[in-house]
Amino acid sequence: QEHYGGLKGLTVTWIGDGNNVLHSIMTSAAKLGMHLRIATPKGFEPDLRVTEIAEQYFKEHGTKLLLTTDPLEAADGANVLVTDTWISMGQEEEKKERLKAFQGYQITMQTAKSAASNWTFLHCLPRKPEEVDDEVFYSPQSLVFQEAENRKWTI
């Protein structure tokens, strides 16, 4: 909101795991007037119950929700590219399997080429290089440090 001056009409793209952070975005984006495009590997989709609730919210608020396995399809026209850890606490034993499943999901400048010209990048940290490359993470479009600073005020 600080960067764009408002949220209504923005397209947010999530590329990564169908985890708790995505669930929060799914249940709030439509209420804030945002469109949401999600790319997850097969088997790592968001919880079906959350998806059903989100679909209802998007319908009620006249915004669009897309779920796909194709990161470039999800990134198409996005204002905001977002990811999070692919290996959450308690999933460390699944690391090898997860890294294999998430190949091709790293956010790179190639991903950003599909996004809108005014794209930005968010990650709630800590970040691993396989999730987003250095070029995007340290780019002028990256708002991760402002995001972290803002989170300080909610703690």
Side-chain angles (χ1 to χ4, degrees), residues 1-91 94 98 101-102 104-128 131-132 136-137 139 141-155:
Q1 185 167 326
E2 286 176 45
H3 181 81
Y4 291 103
L7 300 175
K8 194 170 184 133
L10 290 179
T11 298
V12 175
T13 291
W14 175 274
I15 298 174
D17 192 19
N19 64 18
N20 61 324
V21 176
L22 174 58
H23 292 159
S24 294
I25 294 170
M26 290 173 73
T27 57
S28 61
K31 294 175 184 179
L32 299 168
M34 297 185 292
H35 308 289
L36 181 59
R37 302 171 67 86
I38 301 166
T40 58
K42 279 196 184 301
F44 297 90
E45 298 89 353
D47 183 280
L48 184 57
R49 292 169 297 185
V50 175
T51 301
E52 289 170 352
I53 291 166
E55 286 172 340
Q56 185 60 40
Y57 290 159
F58 280 86
K59 186 177 178 182
E60 287 172 13
H61 293 277
T63 52
K64 296 176 188 160
L65 174 66
L66 169 76
L67 288 96
T68 182
T69 57
D70 183 349
L72 293 180
E73 179 185 13
D76 187 39
N79 304 105
V80 185
L81 300 173
V82 188
T83 194
D84 185 23
T85 186
W86 296 345
I87 304 156
S88 295
M89 290 183 292
Q91 297 174 329
E94 303 171 21
R98 284 178 161 272
F102 284 86
Y105 283 78
Q106 181 191 48
I107 296 180
T108 65
M109 286 298 183
Q110 187 65 35
T111 314
K113 283 182 183 177
S114 296
S117 59
N118 66 343
W119 70 274
T120 55
F121 173 74
L122 296 174
H123 191 300
C124 62
L125 304 178
R127 156 271 188 170
K128 302 284 188 297
E131 300 154 1
V132 56
V136 170
F137 188 79
S139 73
Q141 292 84 6
S142 178
L143 302 177
V144 296
F145 298 113
Q146 294 93 323
E147 178 184 7
E149 193 269 341
N150 284 341
R151 213 170 42 248
K152 219 171 70 169
W153 305 106
T154 66
I155 296 171

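Atom set for the values below is all heavy atoms of this structure, side chains included, hydrogens, waters and symmetry mates excluded. Start at 1 with the first residue, then count along the sequence. Quick caveat: nothing in here was measured; it's all calculated off a predicted structure.
Judged by distance alone, with hydrogens and angles left aside, the side-chain atoms of Q141 form no donor-acceptor pair with the main-chain N or O of V136 at under 3.5 Å. Here the side chain of R127 pairs no donor or acceptor atom with the backbone of F137 at under 3.5 angstrom. Distance alone, capped at 3.5 Å, is enough to place a donor-acceptor pair between the T13 side chain and the A74 backbone. No side-chain donor-acceptor contact under 3.5 Å links E73 to the backbone of P71. Distance alone, capped at 3.5 Å, is enough to place a donor-acceptor pair between the T154 side chain and the R151 backbone.
Taking the six-membered ring for Trp and thresholds of 30 and 60 degrees, Y105 and F102 have ring planes more than 60 degrees apart, a perpendicular arrangement.
Residues V82 and H123 form no side-chain contact, since every pair of their non-hydrogen atoms from C-beta on lies 4.5 Å or further apart. Inter-residue side-chain proximity for Q91 and D17 is flagged as met; some heavy-atom pair is nearer than 4.5 Å. Side chains of K31 and Y57 form a contact here, defined as non-hydrogen atoms less than 4.5 Å apart.
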Begin with the C-alpha distance, continue with both residues' side-chain angles, and end with the deciding distance and a verdict on side-chain contact (heavy atoms from CB on, under 4.5 Å) for M34 and V80. CA-CA 10 Å; M34 297 185 292; V80 185; over 6 Å; no

Are T111 and W119 close enough, and set up right, to give a side-chain contact (heavy atoms from CB on, under 4.5 Å), and what steps lead you there? CA-CA 11 Å; T111 314; W119 70 274; over 6 Å; no

Do E45 and T51 pass the side-chain contact (heavy atoms from CB on, under 4.5 Å) test, and can you show the C-alpha distance, the side-chain angles, and the key distance before you say yes or no? CA-CA 9 Å; E45 298 89 353; T51 301; over 6 Å; no

For E60 and Q56: C-alpha separation, side-chain torsions, deciding distance, then whether side-chain hydrogen bond (donor to acceptor under 3.5 Å, both in side chains) applies. CA-CA 6 Å; E60 287 172 13; Q56 185 60 40; 3.2 Å; yes

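Closest of all the heavy-atom pairs between D84 and N19 is OD2-ND2, 3.0 Å. Contact record, G16 with P41: O-CD, 3.7 Å, taken as the closest heavy-atom pair. Taking both residues in full, the closest heavy atoms of R98 and W86 are given as NH1-O, 2.7 Å, listed atom of the first, atom of the second, then distance. The two atoms that bring M109 and S139 nearest to each other are CE-CB, 3.8 Å, heavy atoms only. Closest heavy-atom contact between L10 and G6: CD1-O, 3.5 Å. Nearest heavy-atom pair, T108 versus Q106, reported as atom, atom and distance to 0.1 Å: CG2-OE1, 3.3 Å.
In this structure, CG on L67 lies 6.5 Å from OG1 on T40, to the nearest 0.5 angstrom. Between the CG atom of L65 and the NE2 atom of H35 there is a distance of 11.5 Å, given to the nearest 0.5 Å. Note: L22 CG to I38 CD1 = 4.5 Å, rounded to the nearest 0.5 Å. One finds the OG1 atom of T69 at 13.0 Å from the CZ atom of F44 (value rounded to the nearest 0.5 Å). Summarising the geometry, atom CG belonging to N79 is positioned 5.0 Å from atom OH belonging to Y4; distances are rounded to the nearest 0.5 Å. Taking CD1 of I107 as the start and CD of E131 as the end, the distance is 9.0 Å to the nearest 0.5 Å.
Within 6.0 Å of the CD atom in E2, the count of heavy atoms belonging to other residues, nucleotides or ligands does not exceed 12.
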